[in-house]
Q: 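Provided herewith is a single structure, encoded as structure tokens, for subsequent inquiry.
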Amino acid sequence: MLAVMPLSAQVMGCDGLVDGPKGVVASVADGDTVVLDSGVVVRLIGTQAPKLPLGREGFEAWPKAEDSRQALEKLVLGKSVRVRHGGERIDRHGRTLGQLFVLGEPELWVQQRMIADGWARVYSFPDNRACLTQLLASETQARLMKLGIWADPYYLVRRADRPAELAGRLGHYELVEGRVLLADEAQGRIYLNFGRSWKEDFTAVIDRAAINLFSRAGLDPLKLEGALVRIRGWMDDRDGPRVEVTHPEQIEVLLAP
């Protein structure tokens, strides 16, 4: 079995969280959003659960979305919880962002449990990167055991050498594995190419702001040429299927070059 390690595992941890709101969970909207008795809406940062319509017209629920919501409900509904922040604290929708803990002895780290049980994937942002090493490790184990969402083909890890299949997943959040054939820099961006035709094959693109984050972490994406990696992110189509990488934790090195 390959050793799975996020590219940034040696620099990111789960220390230094700052206490945020405390309350009792009054309702659970979906597998990554809860409402406290104070009215505070908490988005469980670091995770992405299958999405429910939540009033959006024409939006189809992702597979196992209601199962994920119910799993979170069983963990937290009616329980006293504390939010702890490791990055940005409020999103553009006014939701509180943080790691959620059910109070008690011992405390229950909700994101880790949801991911470990297979009801959510790791999903991070450049301004919210705490605890990801632990969450990625939990996700790996759940995926290998085909727990929760990982038993459904909708959430399969895709192959980078199948661009036609990836092109059919545009607008979806995907995990893609493959070997980097070429790592190159042009016009302030780094391109990780997984095929010989850059206009047709899968590419991961790292922009200037993300390159700065890699540099601060002591990481050089250009050294990934020849590495077997897993990329996670939203699939788009600009000169073939691609994912934009905004921070180091979107890349896991499965086998170094």
Side-chain angles (χ1 to χ4, degrees), residues 6-9 11-52 54-56 68-69 71-73 75-104 106-116 119-139 173 207-217 219 232-234 244-251:
L7 183 59
S8 56
V11 294
M12 294 302 298
C14 199
D15 299 325
L17 298 182
V18 177
D19 280 352
K22 181 180 178 182
V24 175
V25 175
S27 64
V28 175
D30 58 22
D32 54 37
T33 311
V34 305
V35 182
L36 304 185
D37 55 348
S38 61
V40 171
V41 179
V42 181
R43 170 68 169 85
L44 275 60
I45 201 68
T47 68
Q48 181 201 62
K51 294 185 180 297
L52 287 164
L54 300 180
R56 289 173 287 189
S68 175
R69 191 197 69 79
L72 181 57
E73 191 173 75
L75 289 178
V76 303
L77 187 62
K79 304 287 182 63
S80 295
V81 297
R82 166 80 76 182
V83 178
R84 295 192 175 102
H85 304 291
E88 284 296 312
R89 302 184 184 190
I90 302 290
D91 70 7
R92 61 189 177 91
H93 303 292
R95 300 177 300 185
T96 293
L97 306 174
Q99 301 295 328
L100 188 67
F101 296 83
V102 176
L103 300 179
E107 290 187 337
L108 171 68
W109 179 14
V110 178
Q111 276 95 323
Q112 191 276 335
R113 174 62 68 83
M114 286 291 288
I115 288 176
W119 294 119
R121 295 183 284 190
V122 175
Y123 181 59
S124 54
F125 298 86
D127 57 7
N128 245 310
R129 301 162 58 205
C131 306
L132 295 178
T133 297
Q134 296 92 321
L135 295 179
L136 285 163
S138 295
E139 182 194 90
Y173 187 79
D207 65 17
R208 182 176 280 106
I211 292 172
N212 290 336
L213 291 179
F214 278 86
S215 179
R216 289 176 203 165
L219 304 168
R232 67 182 62 227
W234 293 96
E244 184 173 351
V245 174
T246 63
H247 54 290
E249 289 80 7
Q250 285 178 260
I251 302 176

Q: Is the shortest side-chain heavy-atom distance between Glu249 and Val122 below 4.5 Å?
A: no

Q: Any salt bridge (Lys or Arg N to Asp or Glu O under 4.0 Å) pairs touching residues 25-41, not counting sequence neighbours?
A: Asp32-Arg43

Q: Has the side chain of Glu88 got a donor or acceptor atom that lies under 3.5 Å from a matching backbone atom of Pro126?
A: no

Q: Above 12 or not: heavy atoms from other molecules or residues under 6.0 Å from CZ of Arg56?
A: yes

Q: So does Phe101 get a backbone contact from the side chain of Glu107, meaning a donor-acceptor N/O pair under 3.5 Å?
A: no

Q: How many angstroms lie between CG in Leu135 and OG1 in Thr47, if you round to the nearest 0.5 Å?
A: 8.0 Å

Q: Quick one: closest heavy-atom pair of Gly98 and Val83, and the distance?
A: CA-CG1, 3.8 Å

Q: Between atom CG of Asn128 and atom CZ of Arg89, what is the distance when rounded to the nearest 0.5 Å?
A: 10.5 Å

Q: Looking at every non-hydrogen atom in both residues, tell me the closest pair between Leu219 and Pro248 and how far apart they are.
A: CD1-CB, 4.1 Å

Q: Go through the steps to decide whether Leu44 and Leu72 satisfy the test side-chain contact (heavy atoms from CB on, under 4.5 Å), and finish with yes or no.
A: CA-CA 11 Å; Leu44 275 60; Leu72 181 57; 4.1 Å; yes

Q: Output yes when a side-chain donor or acceptor of Arg113 lies under 3.5 Å from a complementary backbone atom of Leu108, and no otherwise.
A: no

Q: Please list all pairs passing the side-chain hydrogen bond (donor to acceptor under 3.5 Å, both in side chains) test where one or both residues lie in residues 94-103, with sequence neighbours left out.
A: Asp91-Arg95, Gln99-Trp109, Gln99-Gln111

Q: Leu132 and Gly46: which non-hydrogen atoms are nearest, and at how many Å?
A: CD2-CA, 4.4 Å

Q: Would you compute the distance between atom CZ of Arg82 and atom CG of Asp19 and round it to the nearest 0.5 angstrom?
A: 4.5 Å

Q: So, do Arg129 and Leu213 sit near enough that their side-chain heavy atoms are less than 4.5 Å apart?
A: yes

Q: Please check if the side chain of Arg84 supplies one atom and the backbone of Leu100 the other of a donor-acceptor pair under 3.5 Å.
A: no

Q: To the nearest 0.5 Å, tell me how far His247 NE2 sits from Phe125 CZ.
A: 8.0 Å

Q: Between Ser68 (side chain only) and Trp119 (backbone N and O only), is there a donor and an acceptor less than 3.5 Å apart?
A: yes

Q: With no hydrogens and no angle check, is any side-chain donor or acceptor of Arg121 less than 3.5 Å from a backbone partner on Tyr173?
A: yes

Q: Taking all non-hydrogen atoms of both residues, which atom of Ala130 and which atom of Leu17 are closest, and how far apart?
A: CB-CD2, 4.0 Å

Q: If you round to the nearest 0.5 Å, how far is CE of Met114 from CG of Leu75?
A: 6.5 Å

Q: For residues Gly233 and Gln250, report the shortest heavy-atom separation together with the two atoms involved.
A: CA-NE2, 4.0 Å

Q: Is the closest side-chain heavy-atom distance between Val25 and Leu36 below 4.5 Å?
A: yes

Q: Roughly how far, to the nearest 0.5 Å, is CD1 of Ile115 from CG of Leu136?
A: 7.5 Å

Q: Among Gln134, Arg232, Gln112, which residue satisfies the side chain to side chain donor-acceptor pair (under 3.5 Å) criterion with Glu139?
A: Arg232

Q: So which heavy atom on Leu97 is nearest to which on Ile90, and how close?
A: CD1-C, 3.9 Å

Q: Are Lys22 and Leu103 close enough that some pair of their side-chain heavy atoms sits under 4.5 Å apart?
A: yes

